[in-house]
**Student:** 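Encoded as structure tokens, here's the structure I'll be asking about.
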Amino acid sequence: MSDQLEHEDEQDLPEQIAIRLEKRERLNKLNDAYPVALPITHSIGEVRAAHPDLDVDVATGEFVGIAGRVMFQRNTGKLCFATLQAGDGQRIQAMLSLDKVGEEQLELFKELVDLGDHLFVEGEVITSKRGELSILVNSWKMAAKTIRPMPNLHNELGEEFRVRHRYLDLIVRDRAREVVKIRAQVMASLRKTFTEDRFLEIETPMLQTIHGGASARPFKTHSNAFDTELFLRIAPELFLKRAVVGGIDRVYEINRNFRNEGADRTHSPEFAMLEAYEAYGDYNSIADLTQKLIQNAAMDVFGTHQVVLEDGTINDLGGVWPRISMFESLSEACGQKITPETPIEDLKKLAKSVDIDIEHPLHGKYVEELWEHFVKDTLVQPTFVIDFPVDTSPLTRNHRSKPGVVEKWDLYIRGYEQATGYSELVDPVVQRERFVEQVTLAAAGDPEAMKLDEDFLKALEFGMPPSGGMGMGIDRLLMSLTGLGIRETIMFPLVK
RNA sequence: GGGCCUCUAGCUCAGUUGGUUAGAGCAACGGACUUUUAAUCCGUGGGUCGUCGGUUCGAUCCCGACGGGGCCUACCA
């Protein structure tokens, strides 16, 4: 297998590449295998739209110049057919007949044009005797010569091949193009909803001297100019909150986060994250907003809250999503009352009895593990799980009335954690205490625990208004809306 | 990180219980064909069977290491 097209290697090239390189040479001698400009008058889609239902064997008298990628060729002796495809997947047939283009041009077409080439044709819009909308070609020109053969269009491409050659996947597979479009439309819908609610989009640092705002292992890098260690951000949270301190009362960011953790069907080392903060909101108002963002996206993109997933099942995103208490739903599911006061020894015993094998200093960690074991998989419809343990949520405000829990929710859709929201902790003294607890954990060997971000604490000391905040994985939102794996919702996922 | 599976032509895949020359469809090459729709028909070429090593008279096949990929599992969203 050769990945280089250097001349000295030409003898070792796959046969088909060597042949196409010769054709490229011939095209360059005749004219140009890669012309800079072509007299295109219409897109393929425009030609199709202008002639939606012509009768069989019609000549319109309209002449157009179009370009597209050759997807199929059917060359007979004196009449050749080529199916041209535009970038958006629209196709039209080109017909080259001996009496229109002449013997020389017809021969050159047969000799030099391969599947995959970008071709320009100029001619009359007609329908064939079988009724296919076609361009009856007067002249043709190579628009861009392809050196490598296209993959076989009649077999499904393997998943690995598709991920590693997304450009081919996009040419060959309608669904791949659709997903790109859906993603763009979802992004537009999210921004539209935010704009309607008077949120401002900002961009905060991706290179950070201290990583914070989540618990995850960061990617490390180094700045030559500052001669200092830098981290790719694991979350934008602490900067967005600085913005709220500064008076950007409704603020959001959609951008990439990086986490040096495992990759699987629902995790990618870099992933698009949405975070939003609303001054004078709380975890209830931000839950309302989250539901609205997702429902608007489904409606804007698919025209319904009942979205059809890849496997044909329907994901019903409609209605008001239930909010269930973590402690209450766990108590109900496991058959014994679990509260923040339940001794950790009892939790450990319960965990052991259902084969949850963890050893952790935090009470809340056991509660969350037990909840995931007993309740998580039973949630299919979108559900806000509210009121989390305090000791695993260092950036969240204590519950206004329930002791031992914080005002935090996780949104679950079809068993996936889709988003998380808080009544944000804004008391700088409590925040410092929580950070110190984290640092103590770090010293105890917990690599995910946060470092103390003094500048962030200073910002809080200048006063952050009471706020609701949320974070949502964009790639996961796409998964919920389409049923695809994360490697299909990300156009170019990381591959080794 | 741990366990299991996988890698054969440009693409999708057969196959060899270890034996002379590794197959198919599409793609390519030569030829025929003025209405095809994955065009058809006749003919031809194309492979370091992931890489390296071992066992063997003989390895694409068995064994080992390495590399790529997948699934399960652990951590994270």
Side-chain angles (χ1 to χ4, degrees), chain A residues 1-2 12-20 22-23 56-57 70-83 91-101 106 110-111 114-116 126-134 136 146-165 168-169 172 213-218 234-235 256-275 356-358 360 365 369 410-413 416-420 446-448 470-477 479-480 485-487 495-496:
Chain A
M1 228 180 290
S2 168
D12 300 329
L13 286 175
E15 179 196 28
Q16 298 194 39
I17 292 180
I19 289 166
R20 283 170 180 242
E22 282 166 27
K23 293 179 181 180
V56 166
D57 203 11
V70 178
M71 301 304 283
F72 296 108
Q73 273 188 110
R74 296 169 291 279
N75 289 348
T76 69
K78 299 184 179 65
L79 181 63
C80 297
F81 303 86
T83 303
R91 292 179 175 181
I92 199 163
Q93 176 170 269
M95 294 168 62
L96 288 92
S97 74
L98 177 64
D99 48 340
K100 288 287 177 195
V101 300
L106 191 66
K110 286 197 232 180
E111 286 172 17
D114 287 307
L115 289 183
I126 64 157
T127 52
S128 71
K129 284 180 182 166
R130 294 289 174 85
E132 180 82 26
L133 187 66
S134 308
L136 183 58
T146 312
I147 295 310
R148 290 184 185 264
M150 297 287 284
N152 179 358
L153 288 169
H154 315 303
N155 298 114
E156 295 251 312
L157 295 174
E159 205 261 349
E160 187 194 349
F161 187 89
R162 296 210 317 260
V163 168
R164 287 183 186 275
H165 305 85
L168 292 176
D169 190 30
V172 159
S215 61
R217 284 150 69 195
I234 57 175
R256 224 71 61 79
N257 286 350
F258 306 86
R259 297 189 182 176
N260 208 343
E261 311 270 358
D264 60 28
R265 202 183 144 73
T266 60
H267 296 87
S268 174
E270 60 174 307
F271 62 102
M273 186 75 176
L274 160 63
E275 285 201 14
I356 299 173
D357 189 23
I358 54 161
H360 204 275
K365 184 74 179 170
E369 289 287 335
D410 273 359
L411 171 62
Y412 280 85
I413 299 180
Y416 291 129
E417 193 182 334
Q418 175 68 70
T420 188
D446 184 349
E448 291 162 11
M470 64 85 92
M472 174 160 68
I474 296 290
D475 316 294
R476 287 219 176 154
L477 175 59
M479 292 165 69
S480 291
I486 201 164
R487 274 154 57 103
V495 283
K496 251 190 359 184

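Lettering of chains follows the sequences in order, A, B, ..., and the numbering in each one begins at 1. This one's a predicted model, so the numbers in the text were calculated from it and none came from an experiment.
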**Student:** On a whole-Å scale, what distance lies between the C1' atoms belonging to B/rC57 and B/rG69?
**Tutor:**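 Each nucleotide's C1' atom is 36 Å from the other's.
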**Student:** Please report, rounded to the nearest Å, how far the C1' atom of B/rU35 is from the NZ atom of A/Lys100.
**Tutor:** 15 Å
**Student:** Would you measure the distance from the P atom in B/rG3 across to the matching atom in B/rC66 and give it in whole Å?
**Tutor:** 12 Å
**Student:** Please determine, for B/rA38, whether a Watson-Crick or G-U wobble partner exists with both distances under 3.5 Å, and give it or none.
**Tutor:**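 With both distances under 3.5 Å required, B/rA38 matches none.
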**Student:** Roughly how far apart, to the nearest Å, are B/rU16 and B/rG58 at atom C1'?
**Tutor:**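 About 15 Å, rounded to a whole number of Å.
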**Student:** Within this structure, what is the CD1-to-P distance between A/Ile17 and B/rC11, rounded to whole angstrom?
**Tutor:** 10 Å
**Student:** Between B/rC62 and B/rG18, how many Å separate the two P atoms, rounded to a whole number?
**Tutor:** 7 Å
**Student:** Quick one: label A/Phe271 by what it contacts on the DNA or RNA (base, sugar-phosphate, nothing), any heavy atom closer than 4.0 Å.
**Tutor:** base
**Student:** So A/Arg487, base contact, sugar-phosphate only, or nothing? Heavy-atom distance under 4.0 Å.
**Tutor:**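 Here A/Arg487 touches the backbone only, sparing every base.
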**Student:** So which atom in A/Asp57 and which in A/Thr127 form the shortest heavy-atom distance, rounded to 0.1 Å?
**Tutor:** N-OG1, 2.9 Å
**Student:** If you compare every side-chain N and O of A/Lys365 against the phosphate oxygens of B/rC75 (OP1, OP2), does one of them come in below 4.0 Å?
**Tutor:** no
**Student:** When the distance from CG of A/Asn260 to C1' of B/rA74 is rounded to whole Å, what number comes out?
**Tutor:** 16 Å
**Student:** Over all heavy atoms of both residues, which pair between A/Arg259 and A/Ala216 is shortest? Give the atoms and the distance, please.
**Tutor:**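 For A/Arg259 and A/Ala216, the tightest heavy-atom pair comes out as CD-CB, 3.5 Å.
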**Student:** Over all strands shown, is A/Thr83 touching base, sugar-phosphate only, or nothing at heavy-atom distances under 4.0 angstrom?
**Tutor:** nothing
**Student:** Hey, is the main chain of A/Leu136 close enough, under 3.5 Å, to the side chain of A/Ser134 for a donor-acceptor pair?
**Tutor:**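 No, the answer is negative, given that no donor and acceptor are paired below the 3.5 Å cut-off.
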**Student:** Does the structure show a Watson-Crick or G-U wobble partner for B/rG1, both distances under 3.5 Å? Name it, or say none.
**Tutor:**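 By the stated definition (distances under 3.5 Å), B/rU73 pairs with B/rG1.
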**Student:** Report which part of the nucleic acid A/Arg164 touches: base, sugar-phosphate, or nothing (heavy-atom distance under 4.0 Å, all strands).
**Tutor:** sugar-phosphate
**Student:** Using whole Å, what does the distance between atom P of nucleotide B/rG70 and atom CG of A/Leu157 come to?
**Tutor:**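 These atoms are roughly 16 Å apart.
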**Student:** Let's test this: given Watson-Crick or G-U wobble pairing with both distances under 3.5 Å, identify the partner of B/rG53.
**Tutor:**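 Partner of B/rG53: B/rC63.
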**Student:** Please determine, for B/rG10, whether a Watson-Crick or G-U wobble partner exists with both distances under 3.5 Å, and give it or none.
**Tutor:** B/rC26
**Student:** Classify A/Phe161 by what it touches in the nucleic acid, base, sugar-phosphate, or nothing, heavy-atom distance under 4.0 Å.
**Tutor:**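 Sugar-phosphate, backbone atoms only, no base.
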**Student:** Work out how far the P atom of B/rC63 is from that of B/rU55, and round it to whole angstrom.
**Tutor:** 16 Å
**Student:** Starting from P on B/rU12, measure out to CD on A/Glu156 and report it in whole angstrom.
**Tutor:** 11 Å
**Student:** Starting at the 5' end of nucleotides 24-34 of chain B, put B wherever the base has a protein heavy atom under 4.0 Å, S where only the sugar-phosphate does, and a dash everywhere else.
**Tutor:** -BBBSS---BB
**Student:** Given that A/Asp57 and A/Glu270 both sit by RNA chain B, which one's nearest nucleotide is further toward the 5' end?
**Tutor:** A/Asp57
**Student:** For A/Asp114, run the side chain to side chain donor-acceptor pair (under 3.5 Å) check against A/Gln73, A/Gln16, A/Lys23 and tell me which one passes.
**Tutor:** A/Lys23
**Student:** Remember a base hit wins even if backbone is also touched, and classify A/Met95 as base, sugar-phosphate or nothing at under 4.0 Å, heavy atoms.
**Tutor:** base
**Student:** Is atom CZ of A/Arg256 surrounded by more than 12 heavy atoms (other residues, nucleotides or ligands) closer than 6.0 Å?
**Tutor:**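 No, because the 6.0 Å sphere around CZ of A/Arg256 holds 12 heavy atoms or fewer from other groups.
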**Student:** Work out how far the C1' atom of B/rG2 is from that of B/rU20, and round it to whole angstrom.
**Tutor:**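 Here B/rG2 and B/rU20 have their C1' atoms 45 Å from each other.
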**Student:** Rounded off to whole Å, could you give me the CZ-to-P distance for the A/Arg162 and B/rC11 pair?
**Tutor:**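 To the nearest whole Å, that distance equals 15 Å.
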**Student:** Work out how far the C1' atom of B/rU60 is from that of B/rU17, and round it to whole angstrom.
**Tutor:**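 Roughly 15 Å separates the two C1' atoms.
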**Student:** Determine the Euclidean distance between corresponding P atoms of B/rG64 and B/rA27; express it in Å to zero decimal places.
**Tutor:** 41 Å
**Student:** What is the distance, to the nearest angstrom, from the CD atom on A/Gln93 to the P atom on B/rU37?
**Tutor:**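 Computing the A/Gln93:CD to B/rU37:P distance gives 10 Å.
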